[in-house]
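Reviewing the structure listed below.
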Amino acid sequence: MVWKLVEGAAAVLENDMKEFEIDGVGILIARNASGFYAYPALCPHMEAQLAFGTCDGKLITCMQHLWQWEMETGEPVGMAEEALKTYPTKEENGQIYIWFEQEHKYAYMED
Ligand code: FES
């Protein structure tokens, strides 16, 4: 079993997002009318915290250089050159869990 509870994530408001930590790893949780979505906390472009960006229920935008992604799939939009990696989520008994086997990393984190 690698479903991990994201303590407090159920309190994220619709069309909003917040950073949490699972086993010392930053996780961004975003929410829209369809549910909850999870990604690495850092932007795929450079080391910026996505939680300082915006989430409008359809798109996530990094405030550093304005790359954008489809919230529900992580697919890049516009000038974004790389997809957001995603973690599966589930809601159970009013709590949010993510499927977390290992940290998703982007190329710049692999050094
Ligand atoms: S660091 Fe996020 S778009 Fe550049």
Side-chain angles (χ1 to χ4, degrees):
M1 270 301 269
V2 287
W3 284 107
K4 299 261 187 177
L5 171 67
V6 187
E7 192 78 47
V12 174
L13 299 176
E14 200 171 302
N15 302 341
D16 201 0
M17 57 188 181
K18 189 174 174 192
E19 186 174 327
F20 296 87
E21 203 175 284
I22 297 286
D23 296 347
V25 173
I27 302 291
L28 184 75
I29 300 288
R31 182 182 193 178
N32 68 8
S34 301
F36 292 84
Y37 303 88
Y39 328 84
L42 297 180
C43 182
H45 182 209
M46 296 168 74
E47 200 169 331
Q49 284 175 273
L50 291 172
F52 293 123
T54 61
C55 167
D56 66 2
K58 290 186 176 171
L59 297 177
I60 288 175
T61 304
C62 177
M63 293 314 284
Q64 198 70 23
H65 309 102
L66 304 180
W67 279 18
Q68 292 185 302
W69 304 269
E70 292 282 353
M71 183 177 164
E72 295 187 6
T73 64
E75 285 302 306
V77 174
M79 59 186 177
E81 295 172 8
E82 193 170 346
L84 274 186
K85 294 181 186 281
T86 60
Y87 297 97
T89 64
K90 71 170 181 179
E91 272 185 82
E92 204 170 274
N93 300 323
Q95 302 270 34
I96 307 306
Y97 296 80
I98 69 167
W99 184 259
F100 186 80
E101 289 176 294
Q102 61 179 25
E103 180 181 12
H104 287 325
K105 292 186 173 181
Y106 298 111
Y108 70 83
M109 300 172 178
E110 301 287 358
D111 298 337

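Counting convention: from 1, in listed order, for ligands and their atoms alike. Note that the coordinates shown come from a computational prediction; the quantities given were computed from them, not determined experimentally.
- Under a 4.0 Å criterion applied to the non-hydrogen atoms of A48, ligand 1 contributes the atoms 1 (S).
- Between the side chain of R31 and the main chain of L13, no donor-acceptor pair closer than 3.5 Å is present.
- The main-chain N or O of C43 is never found under 3.5 Å from a side-chain atom of W67 such that the two would form a donor-acceptor pair.
- Ring geometry, W3 versus W99: the interplanar angle exceeds 60°, so the pair is classed perpendicular (tilted spans 30 to 60°).
- Heavy atoms of M46 found under 4.0 angstrom from ligand 1 belong to the backbone as well as the side chain.
- Interface of C62 with ligand 1, defined as ligand atoms under 4.0 Å from a residue heavy atom, comprises 1 (S), 2 (Fe), 3 (S).
- Counting backbone and side-chain atoms alike, H65 contributes no N/O/S atom closer than 2.8 Å to atom 2 (Fe) of ligand 1.
- Between Y87 and H104, the ring planes are parallel. Angles under 30° get that label, and only those over 60° would be called perpendicular.
- When you scan the N, O or S atoms of H45 for the one nearest atom 4 (Fe) of ligand 1, you land on ND1.
- Of all heavy-atom pairs spanning G26 and E19, the tightest one is CA-OE2, 4.3 Å.
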